[in-house]
Amino acid sequence: PMNQPAFKPPVAAEAPPRVRAVKPRILCVDDEPEVLHGLQMHLRSRFEVITACGGLEALQYLWELGADSFAAVLSDMRMPGMDGSTLLSHVRRMSPDTTRVMLTGYSEMRSAIAAINDGNVFRFLIKPCDPSVVAQTMVDAVDHYRLVVQDRDFMVSKLHALSTRLRSAERLAAVGT
């Protein structure tokens, strides 16, 4: 019959949007674009990888995105303008909880000592480094970051609870005198 509406197939119910697990954000810093590309390729399945071609660019990302938004920073040691030790030292001051990892092609002892002492480096990797070792190191670095943040948060909550109890005790003591 002519007055009947045209047949319309039933609309499939839309699948609910999938909740995407938030990947930990890491910053990889090197002056060699090929190295950064390789790190991006090997680490992107587990992490949100931000890359910077040197210390100044890395500091800009830390400033713009928030230093505390990075679980870990992986930096080359030898870069023009700012070496990795100096960069990681800045990272330590900007975000003490962020885990710092040094990657270098140089096994110079003085640089290693400076990186460890000034930047409080979590791990020191020597180039060339197997991608699986880099990936596992970054997993360990992010796990370390999570533990540090959990520990800090726990201590802050305990301190807050103790402070509240102390104020209550002070009020009771003031009423009693």
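Side-chain atoms are counted along with the backbone in the values below, which use heavy atoms only and exclude waters and symmetry mates.
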*Nearest heavy-atom pair of Gly84 and Met102: which atoms, and what distance?*
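Heavy atoms of Gly84 and Met102 come nearest at C-CE, 3.5 Å.
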_Tell me the closest heavy-atom pair linking Met82 and Gly55, and the distance in Å._
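Between these two residues, the closest heavy atoms are SD-CA, 3.9 Å.
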*With Thr51, which residues qualify under side-chain contact (heavy atoms from CB on, under 4.5 Å), at least two apart?*
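By the side-chain contact (heavy atoms from CB on, under 4.5 Å) rule, Thr51 matches Cys28, Leu36, Gln40, Val49.
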*Check the pair Asp68 / Ser95 against side chain to side chain contact (heavy atoms under 4.5 Å, CB included), numbers first and verdict last.*
CA-CA 6 Å; Asp68 290 336; Ser95 178; 2.8 Å; yes
Quick one: pull up [atom1] in [X] and [atom2] in [Y] and give me the separation to the nearest 0.5 Å.
X	Y	atom1	atom2	result
Asp151	Arg146	CG	CZ	16.0 Å
Leu103	Arg78	CG	CZ	13.5 Å
Leu27	Ser75	CG	OG	8.0 Å
Met155	Gln150	CE	CD	14.0 Å
Arg171	Leu166	CZ	CG	10.0 Å
Thr86	His90	OG1	NE2	6.0 Å

[X] (side chain) donor-acceptor with [Y] (main chain) under 3.5 angstrom:
X	Y	result
Glu57	Cys53	yes
Ser163	Leu159	no
Thr98	Phe70	yes

*Answer yes or no: is there an ion pair linking Lys127 with Glu32, defined by an N-O contact shorter than 4.0 Å?*
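Glu32 and Lys127: salt-bridged.
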*Under a 4.0 Å N-O cut-off, is there an ion pair linking Asp140 with Arg123?*
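Yes, Asp140 and Arg123 are salt-bridged.
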*Does a donor on one side chain and an acceptor on the other come within less than 3.5 Å for Ser132 and Asp130?*
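Per modelled atom types, Ser132 and Asp130 side chains form a pair under 3.5 Å.
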Quick one: does [X]'s side chain get under 4.5 Å of [Y]'s, heavy atoms only?
X	Y	answer
Leu59	Met94	yes
Ile26	Val73	no
Asp76	Asp31	yes
Leu88	Val121	yes
Tyr61	Val29	no

*Given Thr137 and Val134, is the side chain to side chain contact (heavy atoms under 4.5 Å, CB included) satisfied, shown in steps?*
CA-CA 5 Å; Thr137 297; Val134 175; 5.6 Å; no
*asked:* Working note: Val101 + Phe124, criterion side chain to side chain contact (heavy atoms under 4.5 Å, CB included); need CA distance, chi angles, decisive distance, verdict.
replied: CA-CA 6 Å; Val101 178; Phe124 200 96; over 6 Å; no
*Arg100 charged N/C atom sitting above Phe122 aromatic ring, 6.0 Å / 45°*: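 Relative to the ring axis of Phe122, which defines the angle, Arg100 lies outside at least one limit.
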*Stepwise, does the side chain to side chain contact (heavy atoms under 4.5 Å, CB included) test hold for Ile50 with Glu48?*
CA-CA 7 Å; Ile50 308 291; Glu48 177 188 348; 3.9 Å; yes
